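What follows is a single structure, written as structure tokens, with notes after it.
These figures come from a predicted structure and were not determined experimentally.
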Amino acid sequence: MNFEKLDNVSEEQLPIAKHKQHGWKHFLGLYAGEHVAATEFVIGATFVALGAKTMDILLGLLIGNILAILSWTLITAPIATQTRLSLYTYLEKVAGKSMTKLYNWANVIIFTVISAAMITVSSTAVRYLFNIPAQLNWYPTNSWFVLVVLAVGAVVVFVAMYGFKAVSEFSGICGPWLFVMFGSGALVIMPALSESVLGTTTLHSFKDFITIGDQSIWTGVNAYGKPGIGLLEVIGFAWAANTITHFGLIDMALFRYAKKPIYGLATSSGMLFGHFIAWVSAGIMGAGTAVLVKKSIIALDPGDVAFQALGLSGFVIVIVAGWTTANANLYRAGLAAQAIFTRYSRRQTTLAVGLITMVVACFPFVFSKMLPLLTYAGLLVVPVGAIVFSEHVLFPKIGFSRYWVSYQKLTHSTPAVASWGIGLAFGFGLNALNVMSFYYLFLPTWVVTIIVYTLLAQRYGASKEYPEEMAEMASHDKLVEAYHEEQARAAVPIVEDTSLLTKALKSIAWISLIVTLALASITMFASENMAHYLENRETFYTYGFVCTILYFTAAYWALKRQKALQA
């Protein structure tokens with residue numbers, strides 16, 4: 001067969017080949033690394049400030065995160081594994097280039113703001129080292145803080161432009177360490193909370209934990225002394241926090257590599273261990289830090305919290321988690337911008353977007369308002385997910401033609417653009433009228449967009465049949481399949497490094513994590529009084545930091561040896 005045409009097509013525009021697909025373990029690790037980030041410090045502390053109750057937090061986060069897992073499994077993963085395309089490519093196929101360009105603008109805005117928030121969070125750790133005051137207003141109040149943000153931001157922008165692949169590989173090894181550190185931080189800080197509430201540094205039952213939670217962490221009263229949010233709001237946020245990726249279908253880019261749609265359940269590593277455990281742990285660390293430094297939790301930033309709970313390792317967790325997440329999102333923003341400004345390279349568009357991101361990051365509101373920002377970002381793209389869901393899932397069932405826009409060779413889809421606009425007007429209109437909690441706005445917005453798009457698409461030709469065009473597309477799909485089979489025969493198999501040195505390095509990394517967790521457990525369960533607790537905490541600070549250095553050193557060299565073998 002002649003594959004000359006396909007050789008000139010970007011790999012991003014083609015379905016993922018069978019030999020490049022991954023098993024469920026890949027997605028467990030992927031979501032574990034991506035969804036334990038520096039924002040967890042902000043979100044966990046925000047739930048405390050919003051006045052949620054202890055049982056509402058425990059039940060609400062569990063239910064909400066399970067709903068998020070099911071959303072990936074039942075909506076995103078099936079569409080991704082059936083099409084093997086990213087949302088960006090599939091959207092152009094069903095809605096035309098003009099809609100795709102609008103969508104790319106939305107992505108530039110969203111990922112710029114998220115990247116800015118991560119840079120600001122990382123800067124809170126650096127500002128703590130230089131004794132720069134915490135930034136609690138929506139605007140910066142210290143010129144040195146601005147300089148810190150610009151310096152941290154410059155590193156992020158440079159890496160996103162030139163070294164993103166290396167950082168993404170390195171961030172993959174951060175997942176296990178982040179899990180351990182979030183858990184350890186809660187264990188280390190809990191005796192201080194117990195002393196302030198129960199008069200003793202030791203807990204004897206789960207009932208003691210609930211008592212401490214009700215009286216000192218999730219009290220049901222917000223930072224302004226008023227009744228806080230309830231169970232439904234907690235469920236709603238946990239579900240809505242990732243609507244941009246599941247209902248909004250951005251994670252089609254990840255799940256197009258999944259061998260089976262059931263691998264959507266692998267998101268549980270990010271939701272149950274990442275969001276559920278990390279948010280609870282961050283709330284405990286925030287409340288404990290407030291007790292130790294005798295400040296209100298709203299007067300603290302992630303740098304304060306991380307240092308009190310984890311010592312020097314706290315600086316590492318805030319900087320690394322913020323840095324890696326900012327790089328990934330800034331890279332996405334640069335890609336989206338390059339798709340709009342095609343005359344410029346990705347590096348040039350990433351630089352331009354990065355400079356804007358650095359300016360936005362100087363304003364602390366981008367991380368202090370993460371809950372509403374994430375929710376509104378999801379609401380912005382949910383109508384697009386609804387359009388794709390309609391086209392892919394509903395149209396074949398009601399006798400409409402999937403890909404009718406491509407069959408008509410349209411570059412502009414009036415039904416798609418109009419439906420997105422109507423969906424946004426409806427969702428933000430409900431919010432303006434305060435009809436319901438804004439955490440749940442994505443649900444009616446999604447449904448309304450599906451209905452509007454289906455009705456408009458029918459008027460513009462979706463209900464017609466296109467036998468010739470369908471045959472032409474089927475022929476093209478067979479050509480792509482044969483092209484992938486040829487690529488598979490030429491592919492170099494991945495060789496696992498089984499050398500004794502690499503095994504030793506991996507063992508050192510895992511042992512360092514076990515020792516860190518053991519030290520944190522000793523601080524939690526073997527501190528008979530405050531004097532003993534402070535002694536154990538200092539031991540954890542010292543040797544926990546040593547274990548952090550050992551972990552990253554060993555894991556880095558193990559990764560480097562594996563890459564050298566593959567090369």
Side-chain angles (χ1 to χ4, degrees), residues 32 35-49 52 54-55 57-58 60-62 65 175-198 200-219 238 271-293 297 300 302-318 321 513-527 533-534 536-541 544-545 547-548:
H35 290 279
V36 184
T39 44
E40 318 320 343
F41 280 105
V42 180
I43 294 172
T46 301
F47 278 124
V48 177
T54 305
M55 289 307 298
I57 282 290
L58 298 180
L61 292 183
L62 181 62
N65 282 305
W177 180 78
L178 287 168
F179 280 145
V180 168
M181 296 313 292
F182 268 101
S184 296
L187 292 173
V188 168
I189 214 75
M190 184 57 79
L193 280 170
S194 180
E195 173 71 20
S196 69
V197 176
L198 304 177
T200 175
T201 54
T202 56
L203 279 72
H204 300 95
S205 65
F206 182 70
K207 185 179 179 181
D208 285 347
F209 173 76
I210 297 297
T211 300
I212 293 170
D214 287 339
Q215 294 187 28
S216 189
I217 309 173
W218 305 286
T219 61
M271 295 302 100
L272 298 183
F273 289 95
H275 285 186
F276 180 45
I277 292 177
W279 287 349
V280 170
S281 297
I284 293 171
M285 286 188 273
T289 299
V291 168
L292 289 171
V293 302
I297 195 167
L300 302 172
D304 297 311
V305 174
F307 177 74
Q308 290 296 330
L310 300 167
L312 291 177
S313 294
F315 294 134
V316 179
I317 193 173
V318 173
L513 294 181
I514 294 170
V515 171
T516 300
L517 198 56
L519 290 170
S521 299
I522 290 170
T523 307
M524 167 75 177
F525 299 107
S527 297
Y533 162 67
L534 294 174
N536 286 336
R537 191 179 68 172
E538 286 300 319
T539 301
F540 171 82
Y541 283 174
F545 185 59
C547 287
T548 289

How about [X] and [Y]: do any of their side-chain heavy atoms sit closer than 4.5 Å?
X      : Y      : value
His275 : Leu61  : no
Phe525 : Leu203 : no
Leu517 : Leu513 : no
Ile189 : Leu292 : yes
Phe182 : Met285 : yes

Practice task
Could I get the full list of side chain to side chain donor-acceptor pair (under 3.5 Å) partners for Ser216, not counting sequence neighbours?
Solution key: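 In terms of side chain to side chain donor-acceptor pair (under 3.5 Å), with neighbours along the sequence ignored, Ser216 is linked to no residue.
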Exercise for the section: Carefully, step by step, assess Leu272 and Leu62 under the rule side-chain contact (heavy atoms from CB on, under 4.5 Å). Expected result: CA-CA 7 Å; Leu272 298 183; Leu62 181 62; 4.1 Å; yes
Practice task
Quick one: list whatever passes ring pair (Phe, Tyr, Trp, His ring centres under 6.0 Å) with Phe273, sequence neighbours left out.
Solution key: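 If we apply the ring pair (Phe, Tyr, Trp, His ring centres under 6.0 Å) test to Phe273, skipping adjacent residues, there are no hits.
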Backbone N or O of [Y] within a donor-acceptor pair of the [X] side chain at under 3.5 Å?
X      : Y      : answer
Thr201 : Glu195 : no
Tyr541 : Ser313 : no
Thr54  : Asp214 : yes
Ser281 : Ile277 : yes

Closest non-hydrogen atom pair between [X] and [Y], with its separation:
X      : Y      : result
Val188 : Ala309 : CG1-O, 3.4 Å
Thr516 : Phe540 : O-CE1, 3.6 Å
Gly283 : Ile217 : O-CG2, 3.7 Å
Leu58  : Phe209 : CD1-CE2, 4.3 Å
Thr523 : Asn536 : OG1-O, 3.5 Å
Val515 : Cys547 : CG1-SG, 3.6 Å

Just how far is it from atom [atom1] of [X] to atom [atom2] of [Y], taken to the nearest 0.5 Å?
X      : Y      : atom1 : atom2 : value
Ile522 : Leu187 : CD1   : CG    : 11.5 Å
Leu193 : Thr289 : CG    : OG1   : 8.5 Å
Ile212 : Ser196 : CD1   : OG    : 7.5 Å

Practice task
Verify side-chain contact (heavy atoms from CB on, under 4.5 Å) between Thr200 and Ser194, making sure each step is shown before the conclusion.
Solution key: CA-CA 6 Å; Thr200 175; Ser194 180; 4.3 Å; yes
Exercise for the section: Taking side-chain contact (heavy atoms from CB on, under 4.5 Å) as the test, write out the residues that go with Val316, two or more places apart. Expected result: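 side-chain contact (heavy atoms from CB on, under 4.5 Å) check on Val316 returns Trp177, Val320, Phe545, Thr548, Phe552.
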